[in-house]
Asks: 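Please find one structure pasted underneath; my questions will follow.
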Protein chains: 2
Amino acid sequence: MSFYYGVDIGGTTVKLGRFSGDGTLHEKWALPTRTGENGKYIFDDIAASILSRTVEAGGSPSQIKGVGMGIPGPILPDGCMEVGVNIGMRHVYPAKELSERLNLPLVCCGNDANVAALGEAWKGGGTGFSSIFLFTLGTGVGGGAVVDGRILQGSHGIAGEIGHTTVNFAETEACNCGNRGCLEQYASATGLVREAKKVLAACQTPSLLREKKNLTAKDVLDAAKAGDPVAGTAAAAMGRYLAWAMSWVSHILDPDAFVIGGGVSAAGEFLLDLIREEYAERTKMLLRKAELRLATLGNEAGIYGAVRMVLGQ
Amino acid sequence: MSFYYGVDIGGTTVKLGRFSGDGTLHEKWALPTRTGENGKYIFDDIAASILSRTVEAGGSPSQIKGVGMGIPGPILPDGCMEVGVNIGMRHVYPAKELSERLNLPLVCCGNDANVAALGEAWKGGGTGFSSIFLFTLGTGVGGGAVVDGRILQGSHGIAGEIGHTTVNFAETEACNCGNRGCLEQYASATGLVREAKKVLAACQTPSLLREKKNLTAKDVLDAAKAGDPVAGTAAAAMGRYLAWAMSWVSHILDPDAFVIGGGVSAAGEFLLDLIREEYAERTKMLLRKAELRLATLGNEAGIYGAVRMVLGQ
């Protein structure tokens with residue numbers, strides 16, 4: 001029996017999955033992310049956890065064949081992560097760190113958003129396509145690209161970083177990143193709420209949203225679905241900016257499909273309908289356009305994508 | 001001795017180059033592009049020309065080892081070009097057509113802009129980088145991407161088609177493509193002249209450009225270099241829109257470098273300076289940014305890129 005592991009390192013938890021060589025997920029679990037000491041404990045914890053789960057499952061360390069890992073930071077072509085802000089790491093070679101602890105040659109590491117894209121391409125909303133671009137609409141906006149079945153990493157590890165692409169050059173409010181007009185300011189859960197509040201403040205139109213105390217992205221999307229005009233305006237802006245970003249991706253990268261995940265994507269087909277028309281308008285010259293799909297793996301996209309990097313190698 | 005050929009099919013001429021296996025160009029020439037009959041004559045002419053040049057150079061057909069070809073149209077992953085408007089082709093498999101005529105297995109074909117990008121990456125302004133994005137600023141705006149030394153073709157053969165990416169959503173005039181606000185409307189030679197005429201018409205500012213009868217892009221750029229305010233405004237708009245497009249490419253594809261070619265790039269470092277500041281501003285989040293370079297191969301980029309596809313295979 002061979003053991004393969006997919007690891008998805010996040011700011012608060014590390015998600016892990018144990019897989020067999022055919023890509024079947026046998027168990028999944030999570031560990032708290034112990035930041036500090038340049039991430040040393042994180043790799044210690046992952047290695048210890050993988051070893052103990054292998055033994056618990058009736059295996060031995062020599063049966064561990066590969067571990068793939070997604071990590072929140074850009075990975076340079078030589079494997080170096082210069083900065084991983086959320087997990088307190090600087091100038092670390094994550095694959096090398098884990099490889100040494102497990103005495104295992106086959107350890108791969110990629111940026112978490114790119115790794116999630118690989119997961120969705122392999123077993124999720126992008127199944128059947130060889131090239132996809134994943135938009136993850138959560139607290140922020142993440143993105144990742146898979147080209148011909150492989151992660152597009154980029155020359156500086158930042159390919160797919162669509163969240164801080166400027167979509168509105170007239171924006172006056174600052175994004176978290178310091179710039180103004182980033183996609184994340186409109187298409188994240190936070191951004192959608194911000195936009196809805198701006199629309200509310202700028203008009204007298206009656207709206208379901210006026211009574212809400214702690215407005216959430218779900219409130220806005222539910223109200224938009226129900227025909228609320230204020231919510232509809234905010235949701236339309238999100239759809240329009242996503243469509244623009246997609247049109248740029250299509251002209252530059254030309255994927256088979258866009259896959260949309262993250263909390264906001266719970267709005268389902270309604271969300272895709274907000275995008276379709278403007279995307280078609282902005283890709284008029286393109287004889288063939290990309291398909292729009294919803295992600296299906298949720299939080300498991302990371303561990304699936306991670307293990308995919310080491311399966312079939 | 002082995003013979004390799006690079007072929008660059010254009011709307012009026014077909015450029016050809018004869019290379020040896022080490023990538024040295026030994027001779028280059030051109031044929032008129034005979035459109036009609038779905039491109040049949042074009043492939044006949046190319047095959048005949050390659051055969052006769054081989055014999056003239058003291059070789060025999062069996063010494064022809066590979067031919068690469070760039071063609072003005074999108075090439076699908078199966079090798080099909082559905083439409084090549086400028087050369088009157090529809091639903092053609094260009095590599096297969098030439099392969100049959102030469103009885104040669106190794107014939108490759110790619111979109112002309114992508115092939116030129118490969119040429120610049122290999123022997124031109126992008127030498128030393130593994131991933132580049134080429135902007136060709138001529139009558140129109142073309143683009144092509146090379147990732148890890150190989151052409152990025154895209155799922156529908158349109159990767160790199162940056163010219164018709166929308167950069168100005170407020171534009172009221174239509175682009176040739178039917179859309180409004182495409183990069184080509186500002187960053188092509190035609191677009192730069194259009195923009196300069198708009199600025200001239202909208203102000204009373206004295207300008208060197210007011211005396212010109214047939215205003216050219218070179219006139220505008222020369223005047224801008226000389227400090228002419230009207231020309232400077234038009235040139236600044238071109239630089240800004242190019243910077244925006246580059247910022248999107250950096251967030252999505254993350255190349256090592258941008259290479260700028262085409263007639264407009266004769267403006268040299270002055271052109272790059274128009275872009276630098278805004279590109280840096282729009283890529284604030286990116287720890288490492290792409291380099292800016294000028295193309296160096298001119299019209300030969302196509303034949304170099306074409307032959308590169310079949311060398312080292």
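Letters go in sequence order (proteins before strands), and every chain restarts at 1.
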Asks: Give, for atom CD1 of Ile252(B) and atom NE2 of His251(A), the distance between the pair rounded to the nearest 0.5 Å.
Replies: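 With rounding to 0.5 Å, CD1 (Ile252(B)) is 11.0 Å from NE2 (His251(A)).
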Asks: Between Phe133(A) and chain B, with a heavy-atom cut-off of 4.5 Å, which part of the residue counts as in contact: side chain, backbone, both or neither?
Replies: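 Contact with chain B involves the side chain of Phe133(A) alone.
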Asks: Give me the atom names and distance for the closest heavy-atom approach of Glu82(B) to Arg288(A).
Replies: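 Shortest heavy-atom separation between Glu82(B) and Arg288(A) comes out as OE2-NH2, 2.6 Å.
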Asks: Report the option among Leu253(A), Leu287(A), Asp148(A) that has the most heavy-atom pairs separated by less than 4.5 Å from atoms of chain B.
Replies: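 Most heavy-atom pairs within the cutoff with chain B belong to Leu253(A).
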Asks: List the atom of Lys284(A), the atom of Gly178(B), and the distance in Å for their closest heavy-atom pair.
Replies: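 Closest pair (atom of Lys284(A), atom of Gly178(B), distance): NZ-O, 3.5 Å.
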Asks: Which pair of non-hydrogen atoms, one from Gly157(B) and one from Asp254(A), has the smallest distance, and what is that distance?
Replies: N-OD2, 3.0 Å
Asks: For the atom pair CZ (Phe169(A)) and CD (Glu278(B)), what is the distance rounded to the nearest 0.5 Å?
Replies: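 Rounded to the nearest 0.5 Å, the CZ-CD separation comes out at 7.0 Å.
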Asks: Tell me, side chain or backbone of Ile162(B) under 4.5 Å from chain A's heavy atoms, or both, or neither?
Replies: both
Asks: Measure across Thr166(B) and Trp248(A) and return the closest heavy-atom pair with its distance rounded to 0.1 Å.
Replies: O-NE1, 3.1 Å
Asks: If you define the side chain from C-beta out and look only at heavy atoms, does anything of His164(B) sit under 4.5 Å from Thr283(A)?
Replies: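 The answer is no; the side chains never approach within 4.5 Å.
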Asks: Would you name the heavy atoms of Glu281(B) and Asn179(A) that are closest together and state the gap between them?
Replies: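 Heavy atoms of Glu281(B) and Asn179(A) come nearest at O-ND2, 3.0 Å.
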Asks: For Ser155(A) and Pro255(B), work out which heavy atoms get closest and say how close.
Replies: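 Heavy atoms only, the tightest pair is OG-C, 3.6 Å.
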Asks: Taking atom CG of Leu286(B) and atom NE2 of His156(A), what is their separation to the nearest 0.5 Å?
Replies: 9.0 Å
Asks: Would you mind checking which part of Ile158(A) comes under 4.5 Å of any heavy atom in chain B, side chain (CB onward), backbone (N, CA, C, O), both or neither?
Replies: both
Asks: For Asn176(B), does the CG atom have more than 12 heavy-atom neighbours from other residues, nucleotides or ligands under 6.0 Å away?
Replies: no
